[in-house]
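Note that ligands are numbered from 1 as they come in the structure, with each ligand's atoms numbered from 1 the same way. FYI, the numbering just counts along the sequence from 1.
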Amino acid sequence: MNSHTLPEGLHSDTLAVRAALERSQHGENSEALYLTSGYVQTSAATSAARFAMEEDGFTYSRVGNPTVASMEVRLAALEGTEAAIATASGMSAILLLGMALLKAGDHVICSQSVFGSVIPMFSREFAKFGIETTFVSQTDVQAWRDVLRPTTRLLFAETPTNPLTEVCDIRALADIAHNAGAHLAVDNCFATPVLQQPAALGADFIIHSGTKFLDGQGRVMAGAICCTQKQRDELFLPVIRTAGMVLAPFNAWVLLKGMETLSIRVKAQSANALALASWLQEQPQVARVHYPGLASHAQHALAMRQQSGCGGAVLSFEVVAPDVDTARQRAFHVLDSMRVVSLCTNLGDTKTLAAHPASTSHGRLSEAQRQAAGIGQGLIRVAVGLDHINDITADLARGLQTF
Ligand SMILES: *Cc1c(COP(=O)(O)O)cnc(C)c1O
């Protein structure tokens, strides 16, 4: 579609700044933003052929838009997949996945430590349409095998997870899915294609919230599924064309530009995160640090293998506390004492952000679901940005050093 003007075999750093559709007649160097909902057709016959999908060409931006298509091409190039389909948000990518792949009577196996909204998506929304989901421990490979059914159609994992940074073995889960005639979807928000390419490890669908690292500066909502060209055209496009959870062209353009600096941002933010995790580990007010880059992390070796030797830019930690109420109070106190780090539930921003998962991203879960997911009241998640490490540690020390 795009890169026919580029030579084969370019490094992903080069693709991040160049892979996109061809330039317009004006030869712009920065990618054009096609802020248009409709497209003028040269003849009624062409229009008919395009609407029937018999001929390439744009008709209406719910079906396709050049800026959105460029963003899809660039993301697919980074993930090493043939294609991608962009959606309005990360959650709408998961909605699209379910609508396209599942039907009444199908069974899904999902990690119990996925992003907070993914659990009600499966357990409540898809359940209304007769789709059953079993939640299992992210890291217990045998547990995934044990709950397989003849009707299992999809395995859904996220690695590392939010907010506990649990890491699962993508290759092992892909083998389980494929041996059962099912598909594996991996949410690659946290690692990004810079650190981890799930398709190379056997995953069929790679889910993104573009809201996070792909944008990278906290401006827009966006999502995507990376897949084969055939899956894009035959499985997902007919659904999104009907259901309409498309990405806005402006948001796609922001992502296109965001992806140009993805690699340097992820590497710099990850280096900051490792320094912060190491510092937190030394603090007497901190009971536990969850970060795959630390040797103390339960899946450290797997993470280093699977994630280009890097823990990523998100970590979480638990404050010491004698009971649940004190834990919540202390976590709130640390967050309320910050004067630099933003109290914000987003992640993947150049600004360092901290949040309290138990009352925000995981606030809609029942206490039992939250406990199963290991989200305690003393847990704080930090999405490390490009702030100087000394300013981040000093800001967290402000609240920590008072108890
Ligand atoms: C944010 C997030 C999502 C949901 O994406 P939205 O763009 O907020 O809809 C899904 N998975 C993970 C891991 C996320 O961090």
Side-chain angles (χ1 to χ4, degrees), residues 68 71 75 79 84-99 110-123 125-126 135 138 154 156-168 170 185-196 198 203 205-226 240 243 245-248 250-252 254-255 258-259 262 266 269 273 290 292 307 311-316 344-349 353-357 360-365 373 375 379 381-385:
V68 176
M71 178 259 145
L75 178 60
E79 279 291 358
I85 190 155
T87 56
S89 67
M91 288 316 301
S92 58
I94 299 170
L95 176 64
L96 175 62
L97 177 75
M99 284 185 74
C110 184
S111 157
Q112 68 192 7
S113 9
V114 283
F115 181 72
S117 298
V118 179
I119 291 177
M121 177 71 95
F122 283 108
S123 68
E125 307 309 335
F126 289 145
F135 293 92
Q138 165 93 0
L154 175 69
F156 190 101
E158 177 186 318
T159 182
T161 58
N162 175 44
L164 295 179
T165 74
E166 289 174 14
V167 174
C168 71
I170 297 173
V186 173
D187 185 328
N188 202 26
C189 264
F190 271 47
T192 83
V194 174
L195 302 184
Q196 163 176 292
F205 306 115
I206 294 90
I207 308 294
H208 272 286
S209 166
T211 318
K212 312 295 166 55
F213 288 97
L214 302 185
D215 169 358
Q217 293 173 63
R219 296 162 293 192
V220 300
M221 305 286 303
I225 303 173
C226 300
I240 200 169
M245 63 289 254
V246 289
L247 182 61
F250 179 76
N251 294 1
V254 169
L255 254 63
M259 278 189 272
L262 181 67
V266 167
Q269 291 174 225
H290 306 276
Q307 299 174 200
V314 184
L315 59 85
S316 60
C344 181
T345 50
N346 197 12
L347 63 97
D349 199 312
L353 316 174
H356 182 246
T360 58
S361 58
H362 293 69
R364 283 181 295 167
L365 304 190
I375 315 291
L379 188 74
R381 185 188 76 188
V382 186
V384 184

* Does any N or O atom in Ser92 lie less than 3.5 angstrom from one in ligand 1, N or O only? -> no
* **For atom 11 (N) of ligand 1, the protein heavy atom that lies nearest, with its residue and separation** => Asp187 OD2, 2.6 Å
* To do: For atom 5 (O) of ligand 1, state which one of Ser117, Ser89, Ser209 supplies the nearest heavy atom.
  => Ser209
* Considering only protein heavy atoms, which is closest to atom 4 (C) of ligand 1, and at what distance to one decimal place? -> Phe115 CE2, 3.4 Å
* To do: Evaluate the criterion side-chain hydrogen bond (donor to acceptor under 3.5 Å, both in side chains) for residue pair Glu166 and Ser113; output intermediate values, then yes/no.
  => CA-CA 8 Å; Glu166 289 174 14; Ser113 9; 3.0 Å; yes
* Do Leu262 and Leu214 have side-chain heavy atoms sitting under 4.5 Å apart? -> yes
* For Glu158 and ligand 1, does the shortest N/O to N/O distance drop below 3.5 Å? -> no
* Taking non-hydrogen atoms only, is Thr211 closer than 4.0 angstrom to ligand 1 via side chain, backbone, both or neither? -> side chain
* Structure fact -> heavy-atom search around atom 2 (C) of ligand 1 in the protein gives Lys212 NZ, 2.4 Å
* Asked: Is there a donor-acceptor pair closer than 3.5 Å between any side-chain N or O of Asn162 and the backbone N or O of Phe115?
  -> no
* What is the distance from atom OG of Ser89 to atom NE2 of His208, rounded to the nearest 0.5 Å? -> 14.0 Å
* Asked: Would you say ligand 1 has an N or O under 3.5 Å from any N or O of Gly90?
  -> yes
* Counting heavy atoms only, name the option from Met91, His208, Met121, Met221 that's nearest to atom 8 (O) of ligand 1. => Met221
* To do: Please could you name the atoms of ligand 1 that Ala222 approaches to less than 4.0 Å, counting only its heavy atoms?
  => 7 (O)
